[in-house]
Structure formats: structure tokens, C-alpha cells
Amino acid sequence: MNFIKDYEIVCGLEVHVELATKTKIFCSCPTTFGAEPNTQCCPVCTGMPGTLPVLNRQVVDYAIKAGLATNCTIAKYSKEDRKNYFYPDLPKAYQISQYDLPLCEHGWLEIETDKGTKKIGITRIHIEEDAGKLIHDDEHGTMIDCNRCGVPLIEIVSEPDIRTAEEAVAYVKKLRAIIMYTGISDCKMNEGSLRCDVNLSVHKKGEPFGTRTEMKNINSFTFIQKAIEYEYKRQVEAIEAGETIVQETRRYDSAANKTFSMRKKEDANDYRYFPDPDLPPIIMTDKAIDELNRSIPQLPDSRKADYIEKYGLSAHDAEMLINQKPIADYFEAAARLTEYPKLLANMMISELFALLPPDSDEVKIPIDGAHMAAIATMSGEGTINSSTAKKLLRTIYEQDDDPVRIVKEQNLAQISDPVILQQYVDEAIAADPKSVAAYKAGKTAAAKAIMGKIMAKTGGKGNPVKLDELLTAALNKQ
Ligand code: ADP
Ligand code: MG
Ligand code: ZN
């Protein structure tokens with residue numbers, strides 16, 4: 001991102017993740033997404049007086065898994081608190097959350113930046129219940145859907161360690177990856193199972209941190225990037241104009257690409273937090289924590305280390321492959337089928353990723369892994385050149401097919417025979433005395449022009465390295 005003068009950014013994220021439990025956090029209502037409004041609620045989750053909550057054990061286990069996967073310390077003694085506020089989507093007028101004794105604290109994760117690997121601190125992870133949803137329409141006004149009331153969430157609060165929009169995106173991508181690998185949430189941003197609040201302040205280099213604003217519920221990587229860029233500029237311009245930044249909650253409007261003030265920020269004491277008297281404390285033993293730890297599968301960073309070691313990939317490239325589990329699984333399966341896994345990785349990152357829909361919640365690669373591996377093998381063995389490899393990939397992305405057969409049928413094999421290549425070179429030189437003269441007069445670009453014509457003549461199939469050698473030699477003999 002672009003910085004203005006010497007204004008730096010400080011950014012911390014609060015990420016809400018909906019847990020993939022079958023039932024809600026304090027009752028047995030189902031959590032299925034997209035059901036008819038108000039068909040998945042009961043007296044408990046709609047906050048009827050006299051009802052009592054019973055904590056869903058799976059919620060605790062899932063939250064602890066998230067904590068273990070992000071290097072947190074797990075609390076042996078933790079409790080739930082009431083956060084009191086009024087809003088029409090919150091029938092009880094309080095949300096059961098955790099205040100001073102969260103389940104997980106002091107964690108971290110690693111991201112790749114253009115300056116290398118960076119640690120981002122995780123302050124805490126706590127469990128809480130989701131609120132309902134307000135639906136606004138012209139005919140009926142505002143309606144309330146309570147299906148989401150009581151859906152279990154974890155809130156993951158980061159330290160203010162993020163310094164650019166790119167780092168914020170990388171952090172959320174890594175967090176999403178870790179959580180998806182553990183299997184505790186599907187993290188679908190378009191269905192709201194992963195939502196981000198972005199806290200941002202600016203200050204001049206060397207000065208203390210500025211006052212932060214909080215942008216609520218940002219639900220795509222593109223919007224995180226844009227909201228940060230916009231809010232950074234807005235705060236700098238306000239300060240430059242002599243204004244003071246007030247701590248407030250702002251709404252990011254993606255259509256306008258602007259943030260708007262919503263309300264002055266509440267302080268914790270406005271919420272009158274107190275321990276929920278209906279819920280006993282959560283006690284964890286070492287044995288139970290250990291068992292949860294053992295149930296965590298291989299995590300993204302461990303896979304990343306494998307790729308760097310086994311396949312010689314750069315940290316940056318390895319990160320690109322591990323961030324989505326289906327892609328990492330695909331890469332690993334295909335890599336077993338070729339002697340050229342690094343080429344395979346490059347093809348996936350530079351060609352395939354450009355074809356896949358950006359930021360998709362559910363990646364599906366429409367190419368058989370064996371076909372992808374076959375392109376890497378043909379490319380690595382020199383059967384086809386790199387531009388044919390790219391073309392093939394695009395072709396089978398549209399309609400999957402065996403690339404080896406396509407190469408045979410369409411005669412796409414690379415021409416590496418020096419006798420044949422020499423003929424192409426000699427013909428091109430004879431046909432283009434102007435470019436030859438220009439080359440001899442010192443214009444090296446003229447050689448590129450001749451090369452382009454030769455490549456076209458070979459139907460794009462000439463071996464570029466060999467052709468280059470032969471052409472340079474021939475030109476220097478002229
Ligand atoms: P609140 O409940 O007021 O939102 P939290 O502690 O839940 O407070 O979250 C505060 C978030 O703001 C954290 O992610 C933290 O990293 C971030 N933060 C704290 N100070 C600053 C600052 N000066 N600039 C930007 N972000 C900040
Ligand atoms: Mg907060
Ligand atoms: Zn219920």
C-alpha cells in the first residue's frame with residue numbers, strides 16, 4: 001500500500017468465526033445456514049424469562065483447538081460473562097461472552113510479508129453467542145430472524161501488530177487456513193461464518209500510537225484491503241487538517257468505498273459485564289487439553305515447512321499453496337506424480353491461481369491432478385516449452401483432458417533438434433537483412449524481433465533456450 005508522508009499505520013483485528021457445531025451454544029436448536037426465518041429457535045435462544053442455558057461442550061473443545069493451533073495458553077479456569085446492551089437483534093438484552101477470563105490467551109501466528117516472515121500476536125480467543133439478524137424491506141419494515149441467536153462463535157483478538165493492508169489480509173488468510181485445517185469452522189466469508197472488525201490508527205514515525213477507529217463486519221479480503229487504505233487516508237487527511245481522531249465505530253460501505261461514522265465507541269464499563277450466574281465456570285484438565293491437542297491434524301505452517309524442505313519452494317510460494325487446504329491437498333497429490341514438483345508449484349501459483357475465482361470460499365480445481373502433473377513433467381523434460389505449457393493449462397481448465405494426448409494429437413511437442421532449429425534461424429536471418437544490420441549496428445533489441453519471427457514460424461514450439469544460442473551465434477558470424 002502507499003504511505004502518505006511519514007504516517008504509519010497500526011492495525012489490530014477482531015475476527016469472529018462461527019463454529020461448525022450441529023447445535024447452538026446454550027440450547028439444542030440446529031445451526032444450519034439458510035433456513036426459513038425463525039424456524040431454528042426455542043425459548044432459550046430467544047431469551048424467554050425463566051429459561052436456563054446449558055453450555056455445549058463441543059464449543060469449548062473447538063475454541064481450545066483454535067487456541068492450541070495458534071500457540072495460545074489454555075485457561076484451566078475460565079468463565080462466561082454477560083455483556084449488557086440493547087439492540088433489537090438481541091432479545092435477552094445481553095450477550096453471553098467472556099470478559100476477564102477467556103479460554104485462550106497469548107498466542108501468535110506467522111505471515112509472509114515482502115520483508116520476510118512476521119509474527120502477529122493473538123491477545124485472546126473467547127467463546128460467545130451470536131445475535132439474531134435484522135432484515136429490512138420496504139413492504140414490512142424491519143423484521144427479526146432469531147435463527148442466528150445463540151449460534152456459537154469464537155472471537156479472536158489480535159495484538160496491534162499489523163502495519164499494512166497487505167499484512168492484515170495475510171493475517172486473516174493465515175487465520176482462516178489454520179481454523180479450516182482444524183475443522184472447527186467452514187470459515188465461509190460470504191455466509192458470514194468469518195467476519196472481521198478492523199481497528200486502525202495512524203501516527204507519525206517515532207511518535208506514540210494514535211487513537212483508533214473500528215470498522216465492523218468486513219466480509220471479504222478485497223474489502224479489508226480497501227477499507228484499510230481508505231481509513232488510513234481519511235485519518236491522515238483529518239490530522240493534517242488539524243482535526244482530532246475520535247474513538248468511534250465506523251461502517252465500511254463497499255459500494256461507496258468509504259467509511260461512515262456509526263457511533264461513539266462504548267467503553268467496557270458501559271456494558272456492565274458480570275459473571276453469568278446461570279453458568280458454572282469452565283474447568284479444563286491437562287489431560288483434556290492434551291487429548292484435544294492430539295486431535296489437531298497437520299497445520300498449514302508445518303506443511304509449509306515440508307514444501308520448503310522437500311520441494312525447494314520459497315517461503316512465499318509455499319504460503320500461497322497452504323493457505324487453502326483443498327489447494328494444498330491437490331498440490332501434494334499431484335506432486336507425487338511428477339519428478340518436477342517445483343515446476344508444478346510455479347504453474348499453479350502463476351497460471352492456475354489467475355484462472356480460479358478470486359477469494360472463493362470453496363475452491364474447486366477443475367483439472368485432474370494427474371493432468372496437472374503431466375504438464376509439469378512434459379515441461380520439465382523439455383517435451384513442451386513453457387508457452388505451450390501455459391496454453392495447455394488454459395485449455396484443460398476449460399475442458400479437462402489428458403495433456404499428453406493433446407500434445408500428440410495437436411503436434412505440440414517442443415522442437416529441440418539442432419538441425420531443424422538451425423534451418424529456422426538461417427531462414428529468418430536471410431529473410432530479414434534490416435534487423436540483422438540493426439543488430440550489427442548495436443541494437444540488441446533487433447535480435448528479439450528476429451526471435452519473435454522464428455518462434456511464430458515454429459508455431460510457438462521452438463526450444464527458446466536452444467534457439468537463442470543458435471541465433472546469437474549466427475548473428476555474431478554475420
Ligand atoms: P474493544 O472491545 O474495545 O473492541 P478489544 O480489546 O476487543 O477492544 O480489541 C481492540 C483491538 O484494537 C485489538 O485487536 C487491538 O489490537 C486493536 N488496537 C488496540 N490499540 C490500537 C491502536 N492504537 N491502533 C489500532 N488498533 C489498536
Ligand atoms: Mg471488540
Ligand atoms: Zn434454541
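All values below were derived from every heavy atom in this structure, side-chain atoms included, with hydrogens, water molecules and symmetry-related copies excluded. Atoms within a ligand are numbered from 1 in the order they appear, just like the ligands themselves.
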Engineer: Counting from 1, what ligand 1 atoms have a heavy atom of Gly210 closer than 4.0 Å?
Structural biologist: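 In order of numbering, the contacting atoms are 23 (N).
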
Engineer: Glu362 and Lys188: salt bridge (Lys or Arg N to Asp or Glu O under 4.0 Å), yes or no, with the steps?
Structural biologist: CA-CA 8 Å; Glu362 278 164 299; Lys188 284 186 188 164; 3.7 Å; yes

Engineer: Could Asp81 and Arg272 be called an ion pair, given the rule that one side-chain N must be under 4.0 Å from one carboxylate O?
Structural biologist: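 Looking at Asp81 and Arg272, the cut-off is not met.
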
Engineer: Looking at Lys233, I want to see if its NZ is surrounded by more than 12 non-hydrogen atoms of other residues, nucleotides or ligands under 6.0 Å.
Structural biologist: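 Incorrect, the count does not exceed 12.
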
Engineer: State the count of protein N/O/S atoms located less than 2.8 Å away from the Zn ion (ligand 3).
Structural biologist: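 N, O or S atoms of the protein closer than 2.8 Å: 4.
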
Engineer: With a sphere of 6.0 Å drawn around CD of Glu36, does it hold more than 12 non-hydrogen atoms of other residues, nucleotides or ligands?
Structural biologist: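 It does not: Glu36 CD has 12 such atoms or fewer within range.
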
Engineer: Before accepting this row, confirm whether a basic side-chain N of the pair Arg148/Asp89 lies closer than 4.0 Å to the acidic partner's carboxylate O.
Structural biologist: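 No, Arg148 and Asp89 are not salt-bridged.
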
Engineer: Kindly identify the option in Glu214, Arg212, His203, Glu159 whose heavy atom sits closest to atom 10 (C) of ligand 1.
Structural biologist: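 Of the listed residues, Arg212 has the closest heavy atom.
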
Engineer: Does ligand 1 have a heavy atom under 4.0 Å from the side chain of Thr123, from its backbone, from both, or from neither?
Structural biologist: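 No part of Thr123 is near ligand 1 at this cut-off.
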
Engineer: Any N/O of Ser201 closer than 3.5 Å to an N/O of ligand 1?
Structural biologist: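 N/O-N/O distance under 3.5 Å: yes.
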
Engineer: Could you tell me whether Glu214 and Lys216 have a side-chain N and a carboxylate O separated by less than 4.0 Å?
Structural biologist: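 So Glu214 pairs with Lys216 through a salt bridge.
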
Engineer: Which atoms of ligand 1 are found less than 4.0 Å from any heavy atom of Ser158?
Structural biologist: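 Numbered from 1, ligand 1 contributes 13 (C), 14 (O), 15 (C), 16 (O).
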
Engineer: Tell me, yes or no, whether the heavy-atom count around Lys118 atom NZ, taken from other residues, nucleotides or ligands under 6.0 Å, exceeds 12.
Structural biologist: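 Count over threshold, so yes.
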
Engineer: Which option out of Ile120, Asn199, Val15 puts a heavy atom nearest to atom 17 (C) of ligand 1?
Structural biologist: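 Residue with the shortest heavy-atom distance to the ligand atom: Asn199.
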
Engineer: Which ligand 1 atoms are under 4.0 Å away from a heavy-atom of Gly12?
Structural biologist: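 Those of ligand 1 that fall under 4.0 Å from Gly12 are 14 (O), 16 (O), 17 (C), 26 (N).
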
Engineer: Taking only heavy atoms of Val157 into account, list the atoms of ligand 1 that are under 4.0 Å away from them.
Structural biologist: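 That gives atoms 9 (O), 13 (C), 14 (O) of ligand 1.
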
Engineer: Might you confirm whether atom CG of Asn2 has over 12 heavy atoms from other residues, nucleotides or ligands at distances under 6.0 Å?
Structural biologist: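 Not buried by this count: 12 neighbours or fewer within 6.0 Å.
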
Engineer: Taking only heavy atoms of Glu14, which atoms of ligand 1 are found under 4.0 Å from at least one of them?
Structural biologist: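 Checking each atom against Glu14, I get 4 (O), 7 (O), 9 (O), 11 (C).
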
Engineer: Should we say atom OH of Tyr87 is surrounded by more than 12 heavy atoms from elsewhere, each under 6.0 Å from it?
Structural biologist: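 Atom OH in Tyr87 is not crowded, with 12 or fewer foreign heavy atoms closer than 6.0 Å.
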
